[in-house]
Number of protein chains: 2
Amino acid sequence: MTNIRKVAELAGVSVATVSRTLKSPDIVSPTTRDKVLQAVNEAGYKPNLMAVQFRSRRTHNLVVLVPTIANTFFARVISGIQEEAQHRGYGVLLCNTLGREATEAMYASLVTTRQADGVIQLRACNPFPADAFAPGTPLPMVNACEVLDDAPCPTIRLDNREAARAVTEHLIGLGHRRIGMIKGPRRSPLTRDRLAGYHDALQAAGIALDESLLCPGDFTPQSGYEAAGTLVTRDDPPTAIFCESDEMAIGAISRIKQAGLSVPGDISVAGFDDIAFASYSDPPLTTIAQPAEAFGRQAVAMLIDVLEERARDIQHAVLPHELVIRGSTATPAA
Amino acid sequence: MTNIRKVAELAGVSVATVSRTLKSPDIVSPTTRDKVLQAVNEAGYKPNLMAVQFRSRRTHNLVVLVPTIANTFFARVISGIQEEAQHRGYGVLLCNTLGREATEAMYASLVTTRQADGVIQLRACNPFPADAFAPGTPLPMVNACEVLDDAPCPTIRLDNREAARAVTEHLIGLGHRRIGMIKGPRRSPLTRDRLAGYHDALQAAGIALDESLLCPGDFTPQSGYEAAGTLVTRDDPPTAIFCESDEMAIGAISRIKQAGLSVPGDISVAGFDDIAFASYSDPPLTTIAQPAEAFGRQAVAMLIDVLEERARDIQHAVLPHELVIRGSTATPAA
DNA sequence: GATCACGATGTAACCGGTTACATTGGTCGT
DNA sequence: ACGACCAATGTAACCGGTTACATCGTGATC
């Protein structure tokens with residue numbers, strides 16, 4: 001393997017001069033610079049970045065903890081992360097944690113063992129043990145999408161409560177009074193906030209909450225399919241269903257049709273996320289569009305600000321959402 | 001930062017003893033082992049893996065070059081990669097290349113600069129310059145899913161020709177004679193092989209090839225939607241369309257319905273991949289199921305075999321596929 | 001009792017860069 | 001002519017582990 005010493009020998013200079021030529025060319029004389037660069041070429045020398053990183057105590061790698069990469073929404077967030085990281089000269093270590101805390105902790109230890117500089121956590125959970133860092137040190141992490149209420153680090157989120165209120169209000173505006181909801185996982189702040197927004201809208205319209213219209217789900221099409229099954233087979237099915245993710249909405253529509261009902265003729269369905277398939281579903285999905293790629297880009301930007309100590313204090317960003325009305329919601333049948 | 005020297009001092013032994021206690025505990029006496037382990041605990045010592053990797057010239061990281069992470073099929077492959085890599089003690093550096101050669105080359109250089117040990121390439125392209133490695137050295141890469149014909153490394157693929165033949169034969173068996181095809185990108189071996197399988201089936205059934213029924217696509221729902229538009233607005237639209245990906249099939253179905261036609265009543269549609277949404281589309285998609293996660297797992301296994309020099313010679317694996325018949329294909333209207 | 005083998009531990013070189021500090025030689029001012 | 005100063009370069013310590021080799025003590029063997 002060609003290393004800096006070989007190049008130095010070849011160029012007839014010291015290793016320091018080679019290093020300087022490559023790192024700060026302006027402080028070596030043009031003559032030696034040329035000699036060195038020619039030797040670098042001749043030897044096909046590429047610095048061993050492992051050594052550079054080891055010496056500089058910086059890996060320029062970021063760990064991304066994603067609950068499930070199979071979710072199209074996260075796939076978009078990751079695209080944004082990737083793009084911004086590449087642009088800033090950082091690499092991305094992607095970790096599919098399936099929401100398991102042990103797995104998250106394992107990957108987070110990439111930071112404590114110096115294999116990565118920081119973590120982007122897409123789930124509401126702090127994967128670091130309490131004593132992982134010296135007190136006073138800012139946590140090398142940002143928390144995006146699903147965020148902790150009292151996150152000890154920068155966060156980037158949507159106003160989920162407001163978004164859910166907007167969707168529900170849209171359904172109420174169409175004339176719906178019995179509105180079901182297919183929720184996300186019980187523990188998730190997303191579920192809690194969206195549920196609160198749903199409540200807000202019902203309350204504002206003077207509609208009493210019917211707990212039995214709330215079904216649990218886990219964001220997958222399968223769970224939407226199953227939850228819709230329980231709603232549809234009731235004696236008094238709702239006339240509209242708000243799903244906390246497009247994937248669940250697509251599963252729900254499939255189940256509703258299977259029961260011989262039409263969307264939106266018999267039941268309106270609204271989703272959340274605006275994934276690519278939302279436009280191609282039949283009918284196209286009314287949903288909340290999230291700036292998924294922006295989540296990723298911003299997360300990287302904020303994390304690097306922390307890592308490179310440009311951040312004065314802990315920032316919290318709220319990104320904009322938009323209600324996108326398509327064909328899956330309509331006035332209820334009389 | 002606590003390092004091995006602090007621990008050694010604390011335990012009253014040499015750094016070598018600490019290192020040995022952690023790496024091969026059996027060669028130190030139980031007495032010192034206990035002393036050292038206690039010191040490790042007390043100091044909260046975690047080895048700096050950066051240093052370990054630097055010394056051992058092994059990073060235990062794998063680079064994955066994925067054309068687009070937004071594709072649900074690749075998301076599944078990546079899950080498999082992730083799982084197997086974690087199990088084998090390797091990390092995954094995921095790189096969304098968007099099929100750009102320059103981006104691929106940049107990420108591939110993570111290997112030449114010793115930031116990663118090997119590459120899993122999910123596109124038919126060799127991202128390394130010809131002189132990146134000494135002649136005779138096996139290329140630290142495996143090529144999966146879309147593979148090069150003369151790959152200089154292990155490959156894992158599907159028998160795409162046979163799979164496409166099976167789908168087309170299924171459509172012919174239902175009575176279709178005018179079968180359109182929405183293809184993948186022109187340069188891709190996948191496109192070529194699947195097209196060949198389509199030809200095979202037509203030829204075996206004595207159906208003449210109609211070039212005008214072949215439309216280009218790029219695997220996205222959008223491209224399927226557009227391609228279906230050109231097929232559907234013809235004077236003599238096909239009675240069936242074979243799409244080279246489920247995502248395109250879902251786009252195509254959306255466009256066919258928009259034209260006032262029914263699936264499969266007027267036009268049957270078949271896809272390829274069997275993504276999660278395939279079951280929930282309306283109608284559910286007939287498609288070719290690929291063992292996506294197995295692609296990922298096997299790619300990791302074969303790459304590690306190369307890296308750890310267990311592989312005698314270059315292996316090529318062909319994974320099984322399965323025709324899954326659902327509601328989107330049926331006998332053509334009389 | 002001297003020799004030897006062996007287990008346990010210490011010493012220090014090494015991986016491949018970066019960089020503080022030392023050294024050299026030349027220019028400039030007085 | 002002499003010292004101050006500066007630009008250009010070299011020397012070597014350092015990052016934090018691993019490991020070849022040296023050393024030491026103990027018990028077995030002859």
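Convention: sequence-line order gives letters A, B, ...; per-chain numbering from 1.
Put simply, B/T32 has a side-chain N or O that comes within less than 4.0 Å of OP1 or OP2 on C/dT9. The shortest distance between the side-chain N/O atoms of B/N48 and the OP1/OP2 oxygens of D/dG16 is not below 4.0 Å. Within the 4.0 Å cut-off from OP1 or OP2 of C/dG10, at least one side-chain nitrogen or oxygen of B/T17 is found. Considering only side-chain N and O atoms, A/R114 lies nowhere under 4.0 angstrom from the phosphate OP1 or OP2 of D/dC15. The phosphate of D/dG17 (OP1 or OP2) has no side-chain N or O of B/K23 nearer than 4.0 angstrom. Regarding contacts with the backbone of D/dT9, a side-chain N or O of A/S29 is found under 4.0 angstrom from either OP1 or OP2. At the phosphate of C/dG17, neither OP1 nor OP2 sits under 4.0 Å from any side-chain N or O atom of A/S56.
Rounding to whole angstrom units, CZ of residue B/R58 and C1' of C/dC15 are separated by 15 Å. Rounded to whole angstrom, the span from the CG atom of A/L22 across to the C1' atom of D/dT9 amounts to 15 Å. Rounded to an integer number of Å, the gap from B/F54 CZ to D/dC14 P is 16 Å. Here the C1' atom of nucleotide C/dT18 and the CD1 atom of A/I27 are 11 Å apart, to the nearest Å. We find that CZ of A/R57 is positioned 20 Å from P of C/dG16, with the value rounded to whole Å. Rounded to an integer number of Å, the gap from B/K35 NZ to C/dT9 C1' is 10 Å. Atom pair A/Q115:CD and D/dG17:P shows a separation of 13 Å (rounding to whole Å applied). The distance from atom CD of B/Q53 to atom P of D/dC15 is 19 Å, rounded to the nearest whole Å.
Nearest to the side-chain atoms of B/R5 among the listed nucleotides C/dT18, C/dG17, D/dG17 stands D/dG17. Considering only the side chain of A/I4, C/dT18 comes nearest among D/dG17, D/dG10, C/dT18. Closest to the B/A16 side chain, of the nucleotides D/dT19, D/dG16, D/dT9, is D/dT19. With distances taken from any side-chain atom of B/V52 to the nucleotides D/dG10, C/dT9, D/dT18, the minimum falls on D/dT18.
For the residue pair A/Q121 / A/E104, a side-chain donor-acceptor distance below 3.5 Å is found, with atom types taken as modelled. A donor-acceptor contact closer than 3.5 angstrom links the side chains of A/E146 and A/S188. No side-chain N or O of B/N143 forms a donor-acceptor pair with one of B/T155 less than 3.5 Å apart. When only modelled atom types and interatomic distance are considered, B/S14 and B/T17 share a side-chain donor-acceptor pair under 3.5 Å. With no hydrogens or angles considered, a side-chain donor-acceptor pair links A/Q86 and B/Y107 at under 3.5 Å.
Between B/G12 and A/T2, it is B/G12 whose nearest contact on DNA chain C lies nearer the 5' terminus. Where A/V15 and A/T31 meet DNA chain D, the nucleotide closest to each residue was compared, and A/T31 sits on the side nearer the 5' end.
Between B/E84 and B/R88 a salt bridge is recorded (basic side-chain N to carboxylate O distance below 4.0 Å).
For a distance-only test at 3.5 Å, the side chain of B/R55 fails to qualify as a donor-acceptor partner of the base of D/dG16.
Across all strands, A/R20 comes closer than 4.0 Å to base atoms (heavy-atom distances).
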